[in-house]
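Report on one structure; see the data block that follows.
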Amino acid sequence: MEEKEKSDFIRDIINDDLKTNKFQRRVHTRFPPEPNGYLHIGHAKSICLNAGIAKDFQGKFNLRFDDTNPSKEEQEYVDSIIEDVKWLGGNFEDRLFYASDYFEQMYNFAVTLIKKGKAFVCDLNADEMRLTRGTLTEPGKESPYRNRSAEENLDLFARMKNGEYSNGTKTLRAKIDMMSPNINLRDPVMYRIVHDEHHRQGNTWCVYPTYDWAHGIEDSIEKITHSICTLEFENHRPLYDWYLNELEVYHPQQIEFARLNLSFTVLSKRKLLKLVEEKHVTGWDDPRMPTIAGFRRRGYTSASIINFCDMIGVAKRDSTIDVSLLEYSIREDLNKHSQRAMAVLNPLKLVLTNYPEGKTEDCHAVNNPEDEASGTRSVPFSRELFIDQDDFKEVPPPKYYRLSPGMEVRLKYAYIIKCESVVKDDQGNVIEVHCTYDPDTKSGMAGANRKVKATVHWISAAHAKDVEVRLYDRLFVKENPDETEEGKDFLSNLNSGSLQILKNCKVEPMLANAEAGQGFQFERTGYFSVDPKDSANGTPVFNRVVTLKDTWAKIEQKYR
RNA sequence: UGUCGUGUCGUCCAAUGGCAGGACAGCGCCCUUUGGAGGCGUUAAUCUAGGUUCGAAUCCUGGCACGACAGCCA
């Protein structure tokens, strides 16, 4: 397939580096998640960027777990991340790495810096360190422990490693510049003491490297060429460079880009974790979650997410993508590729009074008008049917051209019918619609050419399969969920109608055999996918992925 | 009020000193056995003040606005 060559400021840099032979014409990227949560759509942007660049430049792409903090990290997250990266097409081949595998090397590098007089063991506690760090506008004060001898530092650091000290009592710090206007350079901590079990190292280590110290070394060891990260690390780049320069080792180039923000969505691990822990959703893979696992379960295809990441581009300015672009992307994919089906979500009984009782006939339905090769199927038709409640109005509003007393519509793939009367219950609700059908207007017949304003989907009552359908909507009611009243947090913007469960839906018989994860378009309604967790054999549960674009909803709004 | 970074249609992204263009959203029309899809059209932007230049969104200077940074998180 022909593809337009992608272009962005990062690829421009890489192209320049290729010309100047900066990295011997190599391109090697990485995705370095911390396994402390599930991946979300923002990570998808990073994965697509890094893996995409490697692919486009015939380079390599690593998956590396930045597991330098044992107190927050778990194997469950490691497993989910591997699955998600693969699902998004991130091809790391056999290059699955863990920062924790480099702990020994990092330790030795730290010893090197100590010997160079560029690092020292500091006895200041966290509070004292904060007090001496200075502020954004004032310089910091040097630690009283800053000038310990290399021998003393080496001894102390070894004892830190051996577990002789308790958490927080000592740190190893780089000796840089307490006067630096960049706070990250004010003698930053390289190692802290943590007596905690690591998910892979167990209790081997009592000291753990901080991000800044560890990250450049990880990149250097793996011979990464372009270390792509998000904007908040821009101020850390001088430190990244300082460590690598002092160590005199292979030195990748860090490049920062703007992380993804999505309207009507939160994308911070802290907030997502809160949604899960406080059970505002059913889990990390709740179909309303902006996690990769959530989107997958909802019925988003990986192709649609990859395509979305291409469309949003890469730049350095903060931005918030309109969630409608994501919806566009999944509609585009599912429109082209999903099997059509008829499904009545809110059933209303419809009786064809002049249709023979007991008769059944087949109607030929197109499987996908966008794809001729997908063929047709037959759908049973009979005297008693269900239509959607939305498709009948006793008193039609302006511009409403579906069924109402005296009006005609076409039953898709079947006959033109006319509404003759209604049956009501004690409260005056319409519980049945009585219609006559025109026998000369079945699809395919000459008489079928007559123009009617609307076409309506239906299910034969006798053949209907009952299923559960879950209607999902955006999780938040506000474009920016963090915009709240004084004293409230983002949870106050949760959409109470984000999940509506419909238990009495009527669908075509063939949908009983739908497979987990399979996506359908329910005609005139939206795209739906078989929930992989809650469906049983023969009784699928359908998740609404996204509605169809609804022009009628807009007209209705206008006339209200 | 320190350092670093960023300011282009409603929203994203382009234009790399030479006609400000694309996508989504919106609006209008056409088409349609999905009020879907599709087609056509359309609205709409260079933060600001100077400067350099034949010519500036782009280069320079000064404002202004926004973002990130004062974890032993990443």
Side-chain angles (χ1 to χ4, degrees), chain A residues 7-9 12 32-34 36 66 68-69 71-72 122 124-126 129-131 133-140 167-173 180-186 188-194 207-208 210-212 214-215 229-238 256 258 263 269-270 311-329 331-332 335-336 340 342 365-366 369-370 399-402 409-414 416 441 443 448-449 451-457 479 521-527 547-556:
Chain A
S7 167
D8 54 61
F9 80 99
D12 289 347
E34 183 191 12
N36 67 345
D66 210 352
T68 56
N69 185 352
S71 51
K72 292 163 65 179
C122 184
L124 258 29
N125 65 33
M129 207 179 287
R130 179 165 42 77
L131 258 21
R133 185 157 28 230
T135 67
L136 295 177
T137 51
E138 298 163 288
N167 289 1
T169 54
K170 282 181 167 50
T171 56
L172 182 74
R173 292 225 258 168
S180 174
N182 181 344
I183 292 180
N184 295 311
L185 262 23
R186 317 237 262 234
V189 170
M190 296 165 62
Y191 277 94
R192 72 279 209 189
I193 298 170
V194 182
V207 290
Y208 286 88
T210 55
Y211 169 86
D212 286 309
H215 207 84
C229 61
T230 45
L231 246 31
E232 67 267 30
F233 295 105
E234 208 156 21
N235 296 337
H236 294 242
R237 182 163 16 102
E256 311 86 12
S263 61
K269 279 191 193 169
R270 207 202 92 240
M311 286 194 295
I312 60 177
V314 184
K316 291 195 73 161
R317 72 187 84 118
D318 289 306
S319 61
T320 301
I321 305 289
D322 194 327
V323 73
S324 66
L325 191 60
L326 217 209
E327 294 173 348
Y328 167 81
S329 184
R331 283 197 188 103
E332 191 187 37
N335 176 51
K336 286 191 185 114
R340 310 290 128 122
M342 291 200 280
V366 174
E370 306 292 319
K399 298 274 181 191
Y400 184 85
Y401 17 92
R402 280 113 98 164
V409 297
R410 183 191 306 278
L411 293 177
K412 180 132 184 154
Y413 302 127
I416 293 174
T441 57
S443 292
N449 289 332
K451 296 281 179 212
V452 283
K453 270 285 205 181
T455 299
V456 159
H457 60 277
E479 187 168 327
Q521 186 198 96
F522 290 176
E523 300 240 18
R524 306 206 308 128
T525 305
Y527 295 99
T547 61
L548 246 27
K549 216 156 77 174
D550 192 350
T551 311
W552 164 245
K554 279 177 203 156
I555 299 169
E556 205 177 20

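Order of the sequence lines sets the chain letters (A, B, ...), proteins ahead of strands, with each chain counted from 1.
Nucleotides B:C29 and B:U6, compared at atom P, are 45 Å apart to the nearest Å. With both ends at atom P, the span from B:C60 to B:A56 equals 15 Å, rounded to whole Å. Comparing B:C4 with B:U46, their C1' atoms sit 24 Å apart, to the nearest whole Å. The separation of B:G7 from B:G39, taken at their P atoms, amounts to 33 Å, rounded to a whole angstrom. Taking atom C1' in both B:A74 and B:C13, one finds a spacing of 28 Å when rounded to whole Å. Across the P atoms, B:C12 and B:A68 are found 16 Å apart, a figure rounded to whole Å. Nucleotides B:C24 and B:G67 have their C1' atoms positioned 24 Å apart, rounded to a whole Å.
With hydrogens and angles ignored, the 3.5 Å screen pairs no side-chain donor or acceptor of A:R192 with any backbone N or O of A:G168.
Between A:K549 and the phosphate of B:A37, there is a side-chain N or O to OP1/OP2 separation shorter than 4.0 Å. Between B:U34 and A:R331, no contact under 4.0 Å exists linking OP1 or OP2 to a side-chain N or O. For the pair A:K451 and B:U33, the criterion of a side-chain N or O lying under 4.0 Å from OP1 or OP2 is met. Distances shown here put a side-chain N or O of A:R317 below 4.0 Å from the OP1 or OP2 atom of B:C13. Phosphate proximity of B:U33 to A:Y413: absent, as no side-chain N or O sits under 4.0 Å from OP1 or OP2. Contact between the side-chain N/O atoms of A:R524 and the OP1/OP2 oxygens of B:G35 is found at a separation under 4.0 Å. The phosphate of B:U3 (OP1 or OP2) has no side-chain N or O of A:R237 nearer than 4.0 angstrom. For B:U11, neither phosphate oxygen OP1 nor OP2 lies less than 4.0 angstrom from any side-chain nitrogen or oxygen of A:S319. Between A:K554 and B:G26, a side-chain N or O to OP1/OP2 separation shorter than 4.0 Å is present. Phosphate proximity of B:G71 to A:R133: present, with a side-chain N or O under 4.0 Å from OP1 or OP2. Residue A:T551 places at least one side-chain N or O closer than 4.0 Å to OP1 or OP2 of B:G36. For B:A74, the OP1/OP2 oxygens have a side-chain nitrogen or oxygen of A:T68 closer than 4.0 Å.
For A:N235 against B:A68, a side-chain-to-base donor-acceptor contact under 3.5 Å is present. Applying the 3.5 Å distance criterion, the base of B:G35 shares a donor-acceptor pair with the side chain of A:R402. The base of B:G5 does not come close enough to the side chain of A:E232 for any donor and acceptor atom to sit less than 3.5 Å apart.
Between the OH atom of A:Y191 and the C1' atom of B:C73 there is a distance of 17 Å, rounded to whole Å. Atom C1' of nucleotide B:U33 and atom CD of A:E523 are separated by 9 Å, given to the nearest angstrom. Rounded to an integer number of Å, the gap from CG of A:D318 to P of B:G5 is 14 Å.
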Verdict with reasoning, A:I312 to A:L325, per side-chain contact (heavy atoms from CB on, under 4.5 Å) = CA-CA 8 Å; A:I312 60 177; A:L325 191 60; 3.8 Å; yes
Q.
With side-chain contact (heavy atoms from CB on, under 4.5 Å) as the criterion, how do A:V366 and A:K412 come out once you've worked through the C-alpha distance, each side chain's angles and the decisive distance to 0.1 Å?
A. CA-CA 10 Å; A:V366 174; A:K412 180 132 184 154; over 6 Å; no
Quick one: do A:T547 and A:Y527 satisfy side-chain contact (heavy atoms from CB on, under 4.5 Å)? Show the steps, please.
CA-CA 6 Å; A:T547 61; A:Y527 295 99; over 6 Å; no
- Message: Let's go through A:E370 and A:R340 carefully: what are the C-alpha distance in whole Å and the side-chain angles of both, what is the deciding distance for side-chain contact (heavy atoms from CB on, under 4.5 Å) to 0.1 Å, and is it a yes or a no?
- Response: CA-CA 10 Å; A:E370 306 292 319; A:R340 310 290 128 122; 4.3 Å; yes
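Other residues, nucleotides and ligands place no more than 12 heavy atoms under 6.0 Å from the CD atom of A:E479.
In this structure, NZ on A:K451 lies 10.0 Å from CD1 on A:I416, to the nearest 0.5 angstrom. Note that CG of A:L131 and OG1 of A:T135 are 11.5 Å apart. Values are rounded to the nearest 0.5 Å. The line from OG1 of A:T171 to CG of A:L124 is 7.5 Å long, rounded to the nearest 0.5 Å.
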Taking Watson-Crick and G-U wobble contacts under 3.5 angstrom, with | marking pairs to another strand and [ ] crossing pairs, the secondary structure of RNA chain B is written .((((((..((((....[..)))).(((((.......)))))....(((((..]....))))))))))).....
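Remark on RNA chain B: of its neighbouring residues A:I555 and A:D8, the 5'-side contact belongs to A:D8, judged by nearest-heavy-atom nucleotide. A residue-by-residue look at A:P181 and A:K399 shows that A:P181 has its nearest nucleotide of RNA chain B further toward the 5' end.
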